Amino acid sequence: MPRESYQEKLDALRSDVLYMSEMVVDRLRLALEAMEQKDEETAKRVIEGDDEVNELYLDLEEDCIDLLALQQPVAGDLRLIASSFKITTDLERIGDLATNLAEYTLDADRDMFPEVDIQAIGRTTIEMVEDAMDAYAEEDVDACYELAERDDELDEACRRASETVMRDLIETEIDTESSEEDVEALMNDVSRMLLTVRDLERVGDHAVNVAARTLYMVEKDDELIY
Amino acid sequence: MSDNTPQTDEPAGGETADPTNDDMLVETDVAAATSGSTAGATPDPVIRSRDLDVFYGEEQALDSIDIDIPENRVTAIIGPSGCGKSTFLRCINRMNDRIDACRVTGELSLRGKNVYDDDVDPVALRRRVGMVFQEPNPFPKSIYDNVAYGLEIQNIEGDHDEIVEQSLKRAALWDEVSHQLDSSGLELSGGQQQRLCIARAIAPDPEVLLMDEPASALDPVATSQVEDLIEELAEDYTVVIVTHNMQQAARISDKTAVFLTGGELVEFGDTDQIFENPEHQRVEDYITGKFG
């Protein structure tokens, strides 16, 4: 087969993107574990590990630019590179969001909202990222559409979680005896929980982005992009 | 030269070596054939082929080609060596006629008139279908005479000075040579020589301009100039270009035809569709370099 070196580079790009996704999912899983167990050491590992994700992201970006500049790809090859280029951005953002979750864990000193199952929402987002990357690896168009539908369910779960937090806040009695520190701690807890929900919801959005770019890669179908 | 067609050095378009004064039946007949044809919403193709076969002796070079080439667009023909793309190009102005073993069947029409009809004069046809070759081939004459050559041998009336100037301007060469029209065309650089050949080809005011790898012998700067020129020429002419350079086809053409081994036209469509999402796996494999 002609252009063997080029084909090897394309295969390597695909493998490296999948490796990056495993790294990011690992960070996300650790961040959720740290949050559940209030494990500051694990949270710190997640935060420190973000540099590794960023470095890999920059390496893959360079690989994509090199392939575009040096190989002038077209057709399916072009769509693979263009899609991978965009997908690495989504993965890098998921890494940032995992870091956010770890930072919330370091800031938190109590669990104010046991009725919000943040771990269940987190597991859903991990599954969505993994499924999106499986679709990318297997070029599975049906899985791309299914993922977009699941994001609606995630959004609904996040909306309900936020509503629970807000209702809790409204129903919490802040009497005149409450110190300023108590009020500030309450506001921080509410804010932190809302940010956690928002960040997990964004992880789902990035998973959908991966599916959308995968659909484009496989069929040049931009239906899920816009 | 990559195809089955033997390389020839004969001039074409406005450069015919042995011009005659035969009646230009093609023009007369085509005028009749196209009258009233512009009423439809979709313009008729300038060039149309149906079930076009070409044989060199026993060897089939083109296999049942059906294509509609639109007016005032750049149509690129790409494909591996020996796929018949240059053979197809040379069918359009009957450059294959002089190859004894060449046999053409089927239809290839210019504005509705089959160019292989008995009453079509190839010389008249080549006035309407100019051609530019891979290697710049100016005559050993002055720049002016190179451009005016086709006008004179075809007895084209009009102000030749004006036509030469306009042709050189259209070929984006006037500013560089206007002060040296009496100098030999051979003194120009390779890129300038090719633009001179383009000026020579368009001087008789053809409708179609055929280009057989017109930039493959040029450096990147000259290539870029010729590519820009091709896009501009498409405002006035229907351009059909054969190229081995797929990036060039992607850059400059509106339509792309992909010929593959066996003289088969596998896919023809908008250039962006061909290069972003071809319908046929064989085309995908070819343009991505997986074979060929």
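Here the structure is a predicted model, which means the values were calculated and not measured. Quick note on labels: first sequence line is chain A, next is B, and so on, each numbered from 1.
Atoms CD and CG, from A:Glu219 and B:Asn277 in turn, are 8.5 Å apart once rounded to the nearest 0.5 Å. With rounding to the nearest 0.5 Å, the separation of CG in A:Leu80 from OG1 in B:Thr288 is 11.5 Å.
Heavy atoms of other residues, nucleotides or ligands lying less than 6.0 angstrom from CD of A:Glu138 number 12 at most. Summarising the local packing, CZ of A:Arg14 is surrounded by more than 12 heavy atoms from other residues, nucleotides or ligands at distances under 6.0 Å.
Annotation: side chain of B:Glu284 is not in contact with side chain of A:Val74 (no heavy-atom distance under 4.5 Å).
Shortest non-hydrogen contact noted between A:Asp77 and B:Lys290 is OD1-NZ, 3.2 Å.
Salt bridge absent: B:Glu276 and A:Arg79 never bring a charged side-chain N and a carboxylate O closer than 4.0 Å.
B:Thr223 is linked by a side chain to side chain donor-acceptor pair (under 3.5 Å) to nothing, counting only residues two or more places apart in sequence or in another chain.
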